[in-house]
Each structure stands twice: as C-alpha cells, then as structure tokens.
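Note sheet for the following structure.
Note: hydrogens, waters and symmetry copies are ignored here, and every other heavy atom, side chains too, is used. Because the structure is predicted, anything quoted here is derived from the model rather than measured.
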Amino acid sequence: MQEKTQADYRSLATHFYATRLRGLPPSPKRVADALAACSVDYRPAYWRRLRSALAYDQDRRGYREAAERVRGVENLATKKGLPTKKKQRRVKEISEKDESKLFDYLGPSGDVELTAAVLMAKYLGVRPAEMMGVRVREDGLIEIRGAKQSHEGTRGADRVVAVPPAVRATIAQCVEALRNSPRGLTGVQDRLRRICRDLWPQRKALPTLYTFRHQLGSDLKAFSMDRVAIAYLMGHQATKSVDQYGDKRRGRGKPLLQPAAEADFSKIRINHLASKGLKPAAPEAKTVYDFGFDDSGRR
C-alpha cells in the first residue's frame, strides 16, 4: 500500500471516529455498528473505501480481531435495496476553450502543485495516485508506476511511454516541482474544484483531474488505436476497461503519447466484447503509429 493511501486511510478513520462515534472510544462493536448504519449516507464505492480505511486503522493499532470484524461488515443499503447517495456526474471531456481558460488562471496563481497535476493528467492520463510515481528516464522515456490498489492486488498497470521532446520537458518540470514540494498533491483536487466553481459558477458538473484522463482516452480512440495499446497507455490490465474512458466522437486530435518500444503488452487480458467493434489482437502484437516522433521522444 502506498504512503499516500495510508495517509488517506488514517485521515478517513480519524474523521469517522470524530463524527460517527462522537468522542466515544472506537471499540470493535461501535465501529462496526456505526459503519453499517452509515451505509445509506454514502455511495457504495466510497463506503467500501471507508471500510478499508477503518480496517487498516484498526490493524495499524494492533487490533487484528477488530480489523477482521470491520472487514466483515456488510453494506446494509445495498443488501436491503435501500436508496443510496447518487454518484456525482463526471465531466468526461474538456473543450480547448475551457482548457485554455483554466491554464490562463493557473499560470498567474502560483499553484505549482495543481498546475503540475493538471499537466500530467492532460499529457499522460495518469491517475492522481500515480503522479508521484512518474519518472523521466535518462533515455527520454517516461515510466509510470501503476496505482489503484485493492485487496486482490494492483489493478493499475505499470507502463513505459514516449512523448514529444517539448512535452517530455514539461513533464520533467512537473515531476521536479512535485518532488520538491512540501505538500505534494495534498489538497490539489479540492483546490481544482474551487477554481472551476469560480470559473464556471453556472455549471453543476465541473472538470476534474479525471476529465483530462477521459479526454486522453477519447483522443486515443479517435486516432483508431487498438484496445491493447489503449489499455496499456491508460494503465489497465484488461481491454474491457477501455470502455470506461473516452469516446472517439470527443477526440480533439492526435494524442501526444505512445507506448515505448519496450512496452510489455503480454500481461493485458483481452476480454472485451466483439460487439464493441474492435478486432482481437494478440497480446504480444504491437502497432507502429505515426505520431511524428520516435519512441525516445525525438522528432
């Protein structure tokens, strides 16, 4: 489990104890009962994350039996078919006009961490949890460590990618800025939300870091890239996951990202439905795409 995930889990657990237990000691029964009772207040995915956070915190404190009890708590809302909090609608595309407006604001703001996060999401499509693990190698290629941990193992896959020289220089600056920042990515998504609310006060759904990930997925699909390559670039372990990100009708031009020559496609499972309109490809097969630069990032 990454350090950021551990910190997030500790924060979630502390907030839960303060708001749900109201100062009472976090005994195994109190924690389990309060967790079950609050299932109707959260979306199922967030509730599962909260359960993982509480189990981790109990385990960290040395209460192994309490941790196992927490892991065994069932979501009463989904079990009984009760209504739960609806998932917020995500903005899955961003126009060039909106993107320019956002960067025009970020430039003078001096928020280097947020600017770095947005640029990395735009050019690499990385998840927020992966940004601190991005590395620009001496040969010009970019390594991205997969994130999105689960009890079953890592669902986000590692990848090695190539970008044009100008983009590579930008990513190198972003990596350096985050590495030297005392706060790193702490609070960047909240700050982005506040900024977007100020820029577009009339909108109910606002851009997030994931909006840029979705936009990159659209650009890759619009470029007619096959699913294996898209899955690799997006950090998926299976081609079916490609359905979750992007729509080729929303593509805005050639993507500035491609798999490196050393990219390993063999671990990607091909499990998408043929009805989705993309022909099967052998995991070891690679296609050469005309991006205008080679896999070291040179034009």
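- In this structure Tyr232 satisfies the ring pair (Phe, Tyr, Trp, His ring centres under 6.0 Å) test together with Phe265, sequence neighbours excluded.
- The closest side-chain heavy-atom distance from Val161 to Gln258 is not below 4.5 Å.
- No salt bridge links Asp190 with Arg197; every basic N to acidic carboxylate O contact stays at or beyond 4.0 Å.
- In this structure, Thr19 contributes its side chain and His15 its backbone to a donor-acceptor pair below 3.5 Å.
- Residues passing the salt bridge (Lys or Arg N to Asp or Glu O under 4.0 Å) test with Glu93, sequence neighbours excluded: Arg250.
- Between Leu114 and Val188, the shortest heavy-atom distance links the atoms CD1-O, 3.6 Å.
- One distance of note links CZ of Arg64 with CD of Glu68; it measures 9.5 Å at 0.5 Å rounding.
- No donor-acceptor pair under 3.5 Å is formed between the side chain of Ser241 and the backbone N or O of Gln237.
- Side chain of Lys221 to main chain of Val242: a donor-acceptor pair is present (N/O by atom type, distance under 3.5 Å, no hydrogens or angles).
- Atom CD of Glu176 and atom CD1 of Ile171 lie 13.5 Å apart (nearest 0.5 Å).
- With a 6.0 Å cutoff to the six-membered ring centre and a 45° limit on the axis angle, Arg127 does not count as a cation-pi contact of Tyr210.
- With Trp47 contributing its side chain and Leu35 its backbone, the two residues share a donor-acceptor pair below 3.5 Å.
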side-chain contact (heavy atoms from CB on, under 4.5 Å) assessment of Val175 paired with Met120 = CA-CA 9 Å; Val175 170; Met120 293 172 82; 4.2 Å; yes
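- Leu50 has its side chain out of reach of Tyr9: every pair of non-hydrogen atoms, C-beta onward, lies at least 4.5 Å apart.
- Scanning all heavy atoms of the two residues, the minimum distance from Pro44 to Thr78 falls at CG-CG2, 4.0 Å.
- Hydrophobic cluster membership differs between Val112 and Ile195, with clusters built from Ile, Leu, Val, Met, Phe, Trp and Tyr side chains linked at under 4.5 angstrom.
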inquiry  = Apply side-chain contact (heavy atoms from CB on, under 4.5 Å) to residues Leu119 and Phe103 and explain how you reach the verdict.
reply    = CA-CA 9 Å; Leu119 286 169; Phe103 281 116; 3.6 Å; yes
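- Contact check on Glu99 versus Arg252 returns a salt bridge, with a Lys/Arg side-chain nitrogen under 4.0 Å from an Asp/Glu carboxylate oxygen.
- The minimum heavy-atom distance between Asp104 and Pro108, with the atom names listed, is O-CD, 2.9 Å.
- Between the side chain of Arg213 and the backbone N or O of Lys122 there is no donor-acceptor pair closer than 3.5 Å.
- Between Ser181 and Gly184 the shortest heavy-atom distance is OG-N, 3.1 Å.
- Checking side-chain atoms of Arg191 against main-chain N and O of Thr186 turns up a donor-acceptor pair under 3.5 Å.
- In this structure, Asp57 contributes its side chain and Arg10 its backbone to no donor-acceptor pair below 3.5 Å.
- Distance alone, capped at 3.5 Å, places no donor-acceptor pair between the Lys92 side chain and the Tyr245 backbone.
- For the pair Lys248 and Phe223, the minimum side-chain heavy-atom distance is 4.5 Å or more.
- Listed here is the closest heavy atom pair of Val70 and Ala55: CG1-N, 3.7 Å.
- For the pair Pro207/Trp200, a side-chain contact is recorded, criterion being any heavy-atom separation below 4.5 Å from C-beta on.
- Checking Tyr105 against Asp198 by side-chain atom types alone, no donor-acceptor pair falls below 3.5 Å.
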query = Could you go step by step and tell me if Tyr63 and Val31 meet the side-chain contact (heavy atoms from CB on, under 4.5 Å) rule?
reply = CA-CA 12 Å; Tyr63 306 137; Val31 173; over 6 Å; no
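- Taking the charged nitrogens against the carboxylate oxygens, Glu130 and Arg145 have no contact shorter than 4.0 Å, which rules out a salt bridge.
- Arg30 CZ to Arg22 CZ: the interatomic distance, rounded to the nearest 0.5 Å, is 13.5 Å.
- Looking at Ile142 and Leu257, their side chains never come closer than 4.5 Å, going by heavy atoms from C-beta outward.
- Rounding to the nearest 0.5 Å gives a distance of 7.5 Å between CD of Gln58 and CG of Leu54.
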message = Is there a side-chain contact (heavy atoms from CB on, under 4.5 Å) between Leu192 and Leu102? Walk through the geometry before answering.
response = CA-CA 9 Å; Leu192 178 59; Leu102 176 59; 4.1 Å; yes
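- Side chains of Ser266 and Asp264: a donor-acceptor N/O pair is present below 3.5 angstrom, by distance only.
- A 4.5 Å side-chain heavy-atom check between Leu141 and Val163 finds every atom pair outside the cut-off.
- To the nearest 0.5 Å, atom CZ of residue Arg20 and atom CG of residue Asp33 are 13.0 Å apart.
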Intermediate values then yes/no, salt bridge (charged side-chain N to carboxylate O under 4.0 Å, His left out), Arg137 and Glu262 = CA-CA 13 Å; Arg137 299 189 337 197; Glu262 66 186 62; 2.9 Å; yes
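- Looking at heavy atoms from C-beta onward, Asn271 lies out of side-chain contact with Arg227 at the 4.5 angstrom threshold.
- Not one N or O on the side chain of Arg135 forms a donor-acceptor pair closer than 3.5 Å with the backbone of Glu143.
- Closest approach of Gly251 to Asp219, counting heavy atoms only: CA-OD1, 3.4 Å.
- Annotation: side chain of Thr208 is not in contact with side chain of Val91 (no heavy-atom distance under 4.5 Å).
- Ser218 OG to Asp247 CG: the interatomic distance, rounded to the nearest 0.5 Å, is 6.0 Å.
- For the pair Asp98 (side chain) and Ile94 (backbone), a donor-acceptor distance under 3.5 Å is absent.
- At a threshold of 4.0 Å, the pair Glu65-Arg71 does not count as salt-bridged, since none of the basic side-chain nitrogens sits closer than that to a carboxylate oxygen.
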